[in-house]
There are 2 protein chains.
Amino acid sequence: MERLPPLNAIKAFEVAARAGSFTLAATELGVSSAAVSQQIRNLETWFGKQLFVRSGNRIALTDAGHAIYPQTARALGDIAAIGRRMLEGGLRTRLVVSVPFSLAELWLAPRLAVLLDAFPQMAIDVRVEDDPVDLMRQNIDLRISYGDYHYPGLKLVRLVHDDVLPVCAPEFWRRHGNGDPSLADLHESLFIHTNWGPNYASHPTWAEWFTASGGSRAPDPSHGRRVGLSSLAIASARLGLGIALGQRVMAQADLEAGRLIALSPVSVRLGHPYCAFMPPAKAERADVAGLVELLVKAAPATSGKVGAPR
Amino acid sequence: MERLPPLNAIKAFEVAARAGSFTLAATELGVSSAAVSQQIRNLETWFGKQLFVRSGNRIALTDAGHAIYPQTARALGDIAAIGRRMLEGGLRTRLVVSVPFSLAELWLAPRLAVLLDAFPQMAIDVRVEDDPVDLMRQNIDLRISYGDYHYPGLKLVRLVHDDVLPVCAPEFWRRHGNGDPSLADLHESLFIHTNWGPNYASHPTWAEWFTASGGSRAPDPSHGRRVGLSSLAIASARLGLGIALGQRVMAQADLEAGRLIALSPVSVRLGHPYCAFMPPAKAERADVAGLVELLVKAAPATSGKVGAPR
DNA sequence: AGGATTGGGCAAGAAAAACTTCTGGAGCCC
DNA sequence: GGGCTCCAGAAGTTTTTCTTGCCCAATCCT
């Protein structure tokens, strides 16, 4: 095959020709109008032919531009079709979602329940595994992770930037609380410490929480209970084993049901947001997009910003 | 139209799939194999699907890769066809060549004569005009200019890096020369000075030539003859009006025919090469490519380097 | 076997392409 | 005529792409 014209310029041309305006084309492409102008000129220089006539603030296709537009549209349409074809690739696919251990039970499950309630026939696989995950080899459609720095090249959607606050079971508080929500006098052994394991280091500590609440206590982890999973901390607190720094999104249901109580409005943000990652092509699948949307909407209280594809 | 897969990655994929090797594909694309490897991975990440299986130093298309290859080939072929179509755009076109005044008569004309001798029915327009020229608006296929800095975006081919040397008519030398090829004693009024006009400043002067030849004379332009065109300097010398610093490519024919004699082997290079410019798409037209090739070959003595497309 | 060769992966920095911002000018509309 | 919209152009910045240099695995070749 001989040398091809610059493909991105072809793309810009197709959009501009269809839109009849560089500005509209720019909007559609998500760039500035000057960028479109440059790409078009680029293509004109390549061909040595004008494709648009400019008259003041208006443009129109030249004869040459008219001649090639349908071909560009068809070729690009074909390429778009390739993308679509990739998604179907077995069409009968289930939606495969991968989450870290900590999120599976207390965060994803209830949200999926909502979704499955609405679409009972929806086929979803949930895989529970820690980062890093190879989405390609395992045919995963959507990965949810802590932090927005994993998986370069994948489309990224920020779901929720969670925070932690002290929670415990109501009976526990009745027995040990002494009515002091500053927790200043609570015995060290009653604190539950969460350890996120070797790969993560940004989970807030009790010391940080005390600092944020204006105190200065720093309970010694070696004296209290220690758990290796944030969802386990919640579960432990629910069972009356102590006071945990529980993540809000995980404790929510227990708090509303009265199985847990929050001992203070003071909370500490996690170091990173929870994010969804997916191959850009799969972001257009209706089921993937729908699930992501649900997950974003489900937590409007603390966050929900949509990131640009990378 | 929805989001398109990265087009350059598609291109890399098509070539790699056809070549069956990243390295061969890299050669065809004129890039390194690592670049191809990256583009393919890029596309795989976009789709969330492997397109090649890698086993050691060998690659093979996956089922998914196999499935999309024909579509990519067709779409890219369509786009290549667009390029070809642009060239034909009236098919009945003549070849339009644009040259600066100085080159038209003594350089281009004899070379075209060779070409037209071989292909008498070839339709060529020669336009004579100075830089800058708008190739697009005037439908020019090939522009020849002094210097390689004009016309960004156009494909550039360096034709010849010329030099100047002192020439005069044989009778003139018999009458005024005194047998002294160092020209040290020649009367100032017998030097012909070339002035390239307001846009150019790099034409070698007599002072430079004397320096190059080991002397130190600097004839005063206000005393000798002055011409505003390098071809006119040659013509003047041929007519016995004085000694000119003549460009080799222009004096060649007169030197061989004995109408001019070179007074010294010492020459001074011009500041820039002569270059051909053309829209990249037109570089593939057989007539354009043929003419450029002829022009390059016609001057192997002093240069003939081919530049990369810009 | 065992060394040499070929072809691809990976990471860092370099080069090239694309984009943004700002400014200016031309036509259109009131 | 004045304001508005839209495109062009230049300069500077960001992003993408490519190269370089190194490694490893499989193959090839005595």
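Keep in mind that what you see is a predicted model, and the values were worked out from it rather than measured. Letters A, B, ... mirror the listed sequences (proteins, then strands); counts begin at 1.
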J.: Hey, does the side chain of A/Tyr151 reach the backbone of A/Val133 with a donor-acceptor pair shorter than 3.5 angstrom?
T.: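 Answer holds: yes.
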J.: Once you round it to whole Å, what is the distance between P of C/dG9 and CE of A/Met136?
T.: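 The distance from CE of A/Met136 to P of C/dG9 comes to 11 Å, rounded to the nearest Å.
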J.: Any ion pair linking B/Asp163 and B/Arg269 (charged N to carboxylate O, less than 4.0 Å)?
T.: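 The answer is no: the pair does not qualify as a salt bridge.
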J.: Using whole Å, report how far CG of A/Leu7 lies from P of D/dT16.
T.: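 Whole-Å distance recorded here is 17 Å.
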J.: If only side-chain N and O atoms count, and only distance matters, is there a donor-acceptor pair under 3.5 Å linking B/Arg127 with B/Ser98?
T.: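 Judged by distance alone, the side chains do not pair up.
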J.: Quick check: does any side chain N or O of A/Lys49 sit under 3.5 Å from a backbone N or O of B/Met136, one acting as donor and the other as acceptor?
T.: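 Here the side-chain-to-backbone pair does not exist.
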J.: Under the salt bridge (charged side-chain N to carboxylate O under 4.0 Å, His left out) rule, collect the residues that match up with B/Glu129, sequence neighbours excluded.
T.: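 B/Glu129 satisfies salt bridge (charged side-chain N to carboxylate O under 4.0 Å, His left out) with no residue once adjacent residues are dropped.
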J.: Judged by atom type as modelled, is there a donor-acceptor pair below 3.5 Å linking the side chain of A/Asp130 to the main-chain atoms of A/Pro100?
T.: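 Answer holds: no.
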J.: Is it true that B/Glu28 and A/Arg3 make a salt bridge, defined as a side-chain N closer than 4.0 Å to a carboxylate O?
T.: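 No, this pair does not count.
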J.: In whole angstroms, how far is the P atom of C/dA17 from the NZ atom of B/Lys11?
T.: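 Whole-Å distance recorded here is 11 Å.
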J.: Please report, rounded to the nearest Å, how far the C1' atom of D/dT5 is from the CZ atom of A/Phe22.
T.: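 Atom-to-atom, A/Phe22 to D/dT5, this comes out as 15 Å.
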J.: Do the side-chain N or O atoms of A/Arg41 get closer than 4.0 angstrom to the phosphate oxygens (OP1, OP2) of D/dC7?
T.: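 Checking A/Arg41 against D/dC7: no side-chain N or O falls below 4.0 Å of OP1 or OP2.
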J.: Looking only at side-chain N and O atoms, does B/Thr23 come under 4.0 Å of OP1 or OP2 in C/dG7?
T.: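 For C/dG7, neither OP1 nor OP2 has a side-chain N or O of B/Thr23 closer than 4.0 Å.
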J.: Parallel, tilted or perpendicular: which fits the ring planes of B/Trp107 and B/Tyr274, with parallel below 30° and perpendicular above 60°?
T.: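 Judged by the thresholds at 30° and 60°, the geometry between B/Trp107 and B/Tyr274 is parallel.
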J.: For B/Leu51 and C/dG8, what is the distance between atoms CG and P respectively, to the nearest whole Å?
T.: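 Checked: the CG to P distance equals 15 Å.
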J.: Note down the inter-axis angle between the two ends of the helix from C/dA1-D/dT30 to C/dC30-D/dG1, five pairs each, to the nearest 10°.
T.: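 Answer rounded to 10°: the end axes differ by 30°.
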J.: Would you mind reading off the distance between A/Glu44 atom CD and D/dC7 atom P, rounded to a whole angstrom?
T.: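 Roughly 13 Å, once rounded to whole Å.
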J.: Which whole-number value in Å describes the distance from B/Ile40 CD1 to C/dG7 P?
T.: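 So the CD1-P distance, B/Ile40 to C/dG7, works out to 17 Å.
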J.: Look at the side chain of B/Ser37 and the backbone N and O of B/Ser33, then say whether any donor-acceptor pair between them is shorter than 3.5 Å.
T.: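 Between the backbone of B/Ser33 and the side chain of B/Ser37 there is no qualifying donor-acceptor contact (under 3.5 Å).
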J.: Spell out protein contact along nucleotides 17-30 of chain D as letters: B when the base is contacted, S when just the sugar-phosphate is, - when no protein heavy atom is under 4.0 Å; keep the 5' to 3' order.
T.: SBBB-----B----
J.: Quickly work out the A/Leu24 CG to D/dT5 C1' distance and round it to whole Å.
T.: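 The distance from CG of A/Leu24 to C1' of D/dT5 comes to 12 Å, rounded to the nearest Å.
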J.: OP1, OP2 of D/dG9 versus side-chain N and O of A/Ser37: anything below 4.0 Å?
T.: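 Looking at the OP1 and OP2 atoms of D/dG9, neither is under 4.0 Å from any side-chain N or O of A/Ser37.
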